Protein chains: 2
Amino acid sequence: MTDEGAAPGMLRPGGRTARVRTAVLRAAEDALIECGFDGVDLAEIARRAEVGKTTVYRRWRTPQVLVADLLVDMAEQSVPRTETGSLDGDLRANARLVVRTLTDERQGVLFKAVIAAATTDQRTAEALHRFYATRIDEWSPCVDQAVERGEAPEGTDASEVVRAVSAPLYYRFLVSGDPLNETVADESAHAAACATRAGAYVRRSAR
Amino acid sequence: MTDEGAAPGMLRPGGRTARVRTAVLRAAEDALIECGFDGVDLAEIARRAEVGKTTVYRRWRTPQVLVADLLVDMAEQSVPRTETGSLDGDLRANARLVVRTLTDERQGVLFKAVIAAATTDQRTAEALHRFYATRIDEWSPCVDQAVERGEAPEGTDASEVVRAVSAPLYYRFLVSGDPLNETVADESAHAAACATRAGAYVRRSAR
DNA sequence: GTCATAACGGGACTCCAGTTTCATTTGCGC
DNA sequence: GCGCAAATGAAACTGGAGTCCCGTTATGAC
């Protein structure tokens, strides 16, 4: 092992390095929104970020890795959760937020690009999974509260319910291409609430 | 309209053209499975198909268009549907089939590649949507039969139920990265059945 | 069988994404 | 503020994906 005191090989994440990172991530986000994932060109991103292209290639190597880094950044920004006081209301609020995000001109394209990147690279996929794990954890409490209020059976797996709300929306977004709108959001939330009340999401260990 | 008898400009889809198409589609399928979508190289596919690369570039132009053509081909191959005699059983059979497909070494990679291609190209996306519309239509009858047996309420939207079974599975496959196995399949089918019985998928026009 | 031409194929060519080189700047420990 | 190495940047370089040209094959109408 090369274990020296004031060793070479130590990182130096101070001022400039951090500035370059944020500049490149911003440029990458813009580029993804404008061109989609396959339109991304690291040299072009370097130009936009006003950074040498060598730097971008050296630090991130591939578009996938850059997207993975962007996802780490995105996961840190939290979206406030609305509380309506009922399971149906909370799930509906969540479903509508998802639909608004996916149908938003900029965000929808960005999410498609990010998901496309994740299908072709394991590390990007892991970053994506962590991103959604974060989002799901943020919304789970509304199901736990419903359990406390007696709206849902004891032992209900909160994150499973939250996933059930999003799943049909992402299925339409990525796979079937069926329309996404507020009605669909409400129906998805309602179906999840029905299944929850029927005990479909009670953890097996608690049955 | 250019309606001539023995006109120039007419297609000639006979023997050789068709042979080249199937050879290239087979090679494309293999390449997608081995390298994923971003690893696809039209020249490489031409080599495998023992076809001039000029031909591949001329007829399909981009990997996305080639994948779209492959999807048209895949949509034509029908998968037999199992009938168990109960809504829960039929939906479970469907869910298990989907999980088996997505977790299969070859098919799973192929589906990821195809979905990735669809996120970056409109025409590929349309081919993908048609592919799933076909699959969903094939499974819808089992829900209609359940309605006839009185297991599900009158006016239930069969294709909506079938989508509801697949959605959580594809969500895990593409977005959250949570595990896919037979237990998950059964739970997804059960949740869809619960929501169906609760009337969550009754068409609005029929309520 | 004959002919016109759609479709294919080999190979040279182009162009640019990605790499390498090396000089310059800047963070950071003292 | 001094010095060293981490980090960046400009420019030259390279390899291969995609295009072009033009001769060859073989389909389908007669």
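To find a chain, count down the sequence lines: A is the first, B the second, and so on, and within it residues start at 1. The shown structure was predicted, so the numbers you read here are calculated from the model rather than taken from an experiment.
Proximity of T55(B) to the phosphate of dA7(C): no side-chain N or O atom is located under 4.0 Å from OP1 or OP2. Taking 4.0 angstrom as the limit, R21(B) places none of its side-chain polar atoms (N or O) nearer than this to OP1 or OP2 of dC8(C).
Taking atom CZ on R47(A) and atom P on dC16(C), their separation rounds to 13 Å, with Å as the unit. Rounded to whole angstrom, the span from the CZ atom of R59(B) across to the P atom of dA6(C) amounts to 15 Å. For the pair E50(A) CD and dG9(D) P, the interatomic distance rounds to 10 Å; values are reported in whole Å.
Note on R123(B) versus E126(B): no salt bridge recorded, every NZ/NE/NH1/NH2 to OD/OE distance being 4.0 Å or above. Of the charged side-chain nitrogens involved, at least one lies within less than 4.0 Å of a carboxylate oxygen, so that E34(A) and R48(A) count as a salt-bridged pair. Between R21(A) and D69(A) there is a salt bridge, since a side-chain N of the basic residue sits under 4.0 Å from a carboxylate O of the acidic one.
Residue pairs meeting the ring pair (Phe, Tyr, Trp, His ring centres under 6.0 Å) criterion with at least one member in residues 17-70 of chain B: none, sequence neighbours excluded.
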Just distance, no hydrogens or angles: give the donor-acceptor pairs under 3.5 Å from side chains in residues 167-180 of chain B, sequence neighbours left out.
residue : atom : partner : partner atom : Å
Y170(B) : OH   : Y132(B) : OH           : 2.8
R172(B) : NH1  : P179(B) : O            : 2.8
R172(B) : NH2  : E160(A) : OE1          : 3.3
R172(B) : NH2  : E160(A) : OE2          : 3.2
S176(B) : OG   : D178(B) : N            : 3.2
S176(B) : OG   : D178(B) : OD2          : 2.6
D178(B) : OD2  : R163(A) : NH1          : 3.0

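Closest non-hydrogen pair, V56(A) versus A46(A), comes out as CG2-CB, 3.7 Å. Across every non-hydrogen atom of A113(B) and G36(B), the tightest pair is CB-C, 4.3 Å. Taking each heavy atom of A75(B) and T134(B) in turn, the nearest pair found is O-CG2, 3.9 Å.
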Footprint string (nucleotides 18-25 of chain C, 5' to 3'): B base within contact, S backbone only, - free, heavy atoms under 4.0 Å: BBBB---B
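Take N94(B) and apply the side chain to side chain donor-acceptor pair (under 3.5 Å) test, not counting sequence neighbours, and it matches no residue.
Across its full length, the helix from dG1(C)-dC30(D) to dC30(C)-dG1(D) shows an angle of 50° between the axes of its 5 terminal pairs at either end, rounded to 10 degrees.
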Criterion side chain to side chain donor-acceptor pair (under 3.5 Å) on D157(A) and S159(A), from CA distance to verdict: CA-CA 6 Å; D157(A) 186 334; S159(A) 61; 3.0 Å; yes
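Put simply, the side chain of T120(A) never gets that close to the backbone of D38(B): no donor and acceptor are under 3.5 Å apart.
DNA chain C lies under 4.0 Å from no heavy atom of any residue of residues 24-38 of chain B.
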